[in-house]
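Okay, so here's the structure we're looking at.
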Amino acid sequence: MDIEVHAATHDRFDDLALMLGPKKNADASVCWCLSHRIPAKLNQALRGSERGGFVRQLTRQPVAPGVLAYVDGEVAGWAAVAPRADLPIARSTKIPRIDDLPVWSVWCIRVRPGFRGRGVSHAALAGAVEYARSNGAPAVEGYPVDNRGAKVDLTMAFVGTRATFERAGFVEAAKTDAVAGGFPRVLMRRAFA
């Protein structure tokens, strides 16, 4: 099995829509991975196809909104990555800012049904780390659940697990007051020397 990871640029928007957009009704107001990317008021104001249009515009920016993982040429996974300063998480009261480094954040990892259990999330996270590094990030953070091997409900698994981040070279940098799916979340960081 061959897994490749590419930036989610405009020419890959259809694949991004397959990963994040509505499955049946094009006007459905699904997340599109915007709930942790943009301010809450804007997130609530965007409805239906406006959400996909907003993401399409993100793919036209100099920095893509994340990366897509492909298994044998078919889109299979997604990881959102961006400078933390550009995200609502920069003002979070539950997830601490531990220093003044202009770190990037990975806050969402998704794998399409049929591709789970094949290493796609690991490849997507590794691709997000490399994308951040190639764009000058001094470090990358993630905020996964510390589930200690317990099963995580798929609806809350998008934040990732501590083990996934550790496997990608991240180390715990701080505890948080955040919880997802009943599990505490930790701030994990991977610094670039």
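Heavy-atom basis, side chains included; hydrogens, waters and symmetry copies ignored.
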*If you round to the nearest 0.5 Å, how far is CD of Q44 from CG of L34?*
12.5 Å
*Keeping the roles fixed (side chain from R190, backbone from V129), state whether a donor-acceptor pair exists under 3.5 Å.*
no
_Considering all heavy atoms, the nearest V120-A69 contact_ = CG1-CB, 4.0 Å
_Polar side-chain atom of R110 near backbone of F158 as donor-acceptor pair, under 3.5 Å_ = no
*Go through the steps to decide whether E141 and I89 satisfy the test side chain to side chain contact (heavy atoms under 4.5 Å, CB included), and finish with yes or no.*
CA-CA 11 Å; E141 290 181 349; I89 203 161; over 6 Å; no
_A quick test of your reading: do over 12 heavy atoms of other residues, nucleotides or ligands sit less than 6.0 Å from CZ of R148?_
no
*Has R167 got more than 12 heavy atoms of other residues, nucleotides or ligands less than 6.0 Å from its CZ?*
no
*asked:* Donor-acceptor check, side chain of S105 to backbone of W107, threshold 3.5 angstrom: yes or no?
replied: no
*Kindly give the heavy-atom pair with the smallest separation between A174 and P96, and that separation in Å.*
CB-CG, 4.1 Å
_Is it the case that the side chain of R37 and the backbone of P65 share a donor-acceptor pair, with hydrogens and angles ignored and the cut-off at 3.5 Å?_
yes
*asked:* Please check if the number of heavy atoms outside K151 that lie under 6.0 Å from its NZ is greater than 12.
replied: no
*Can V186 be reached from I109 by stepping across I, L, V, M, F, W or Y side chains whose heavy atoms are under 4.5 Å apart?*
yes
*For a side chain to side chain contact (heavy atoms under 4.5 Å, CB included) with W78, tell me which candidate from V111, L20, V67 qualifies.*
L20
*Is a side-chain donor or acceptor of D2 paired with a backbone partner of D72 at a separation under 3.5 angstrom?*
no
_Beyond-backbone contact of D86 with V63, side-chain heavy atoms, under 4.5 angstrom_ = no
*Are L101 and W104 grouped together when hydrophobic residues (ILVMFWY) are joined by side-chain heavy atoms under 4.5 angstrom apart?*
no
*Of all residues at least two apart in sequence or in a different chain, which pass the side chain to side chain donor-acceptor pair (under 3.5 Å) check with E166?*
R162
*Please round to the nearest 0.5 Å and tell me the distance separating atom OG of S29 and atom CG of N43.*
9.5 Å
*asked:* Treating R112 as the side-chain partner and V75 as the backbone partner, does any N or O pair qualify as donor plus acceptor under 3.5 Å?
replied: yes
*asked:* One thing to verify: whether R47 and E50 come together as a salt bridge, which I'm taking to mean a side-chain N less than 4.0 angstrom from a carboxylate O.
replied: no
*Between F13 and W32, how do the two ring planes meet: parallel, tilted or perpendicular, split at 30° and 60°?*
parallel
*Is M19 reachable from L46 through a run of I, L, V, M, F, W or Y residues, each pair having side-chain heavy atoms under 4.5 Å apart?*
yes
*Report the distance from atom CZ of R56 to atom CZ of R51, rounding to the nearest 0.5 Å.*
15.5 Å
_Straight-line distance of L42 CG to F54 CZ, nearest 0.5 Å_ = 5.0 Å
*Taking all atoms of both residues into account, what is the closest heavy-atom pair of F165 and V159, and its distance?*
CE1-O, 3.7 Å
*Distance-minimising heavy-atom pair for L187 and T176*: N-CG2, 3.7 Å
_Ring centroid separation H36 to Y143 under 6.0 Å_ = no
*Looking at CZ of R97 and CG of D99, how far apart are the two atoms once the value is rounded to the nearest 0.5 Å?*
8.0 Å
*asked:* Would you compute the distance between atom CG of D11 and atom NE2 of H6 and round it to the nearest 0.5 angstrom?
replied: 10.0 Å
_Closest non-hydrogen atom pair between T161 and P144, with its separation_ = C-CB, 3.4 Å
*Among the clusters formed by ILVMFWY side chains lying less than 4.5 Å apart, do V145 and F170 turn up in the same one?*
no
*Is any side-chain heavy atom of F183 closer than 4.5 Å to a side-chain heavy atom of M156?*
no
*Considering non-hydrogen atoms only, spot the tightest contact between T59 and A8 and give its length.*
CG2-O, 3.4 Å
*Are V30 and L16 grouped together when hydrophobic residues (ILVMFWY) are joined by side-chain heavy atoms under 4.5 angstrom apart?*
yes
*State which residues pass side chain to side chain donor-acceptor pair (under 3.5 Å) with K175; sequence neighbours excluded, sorted by chain then number.*
E172
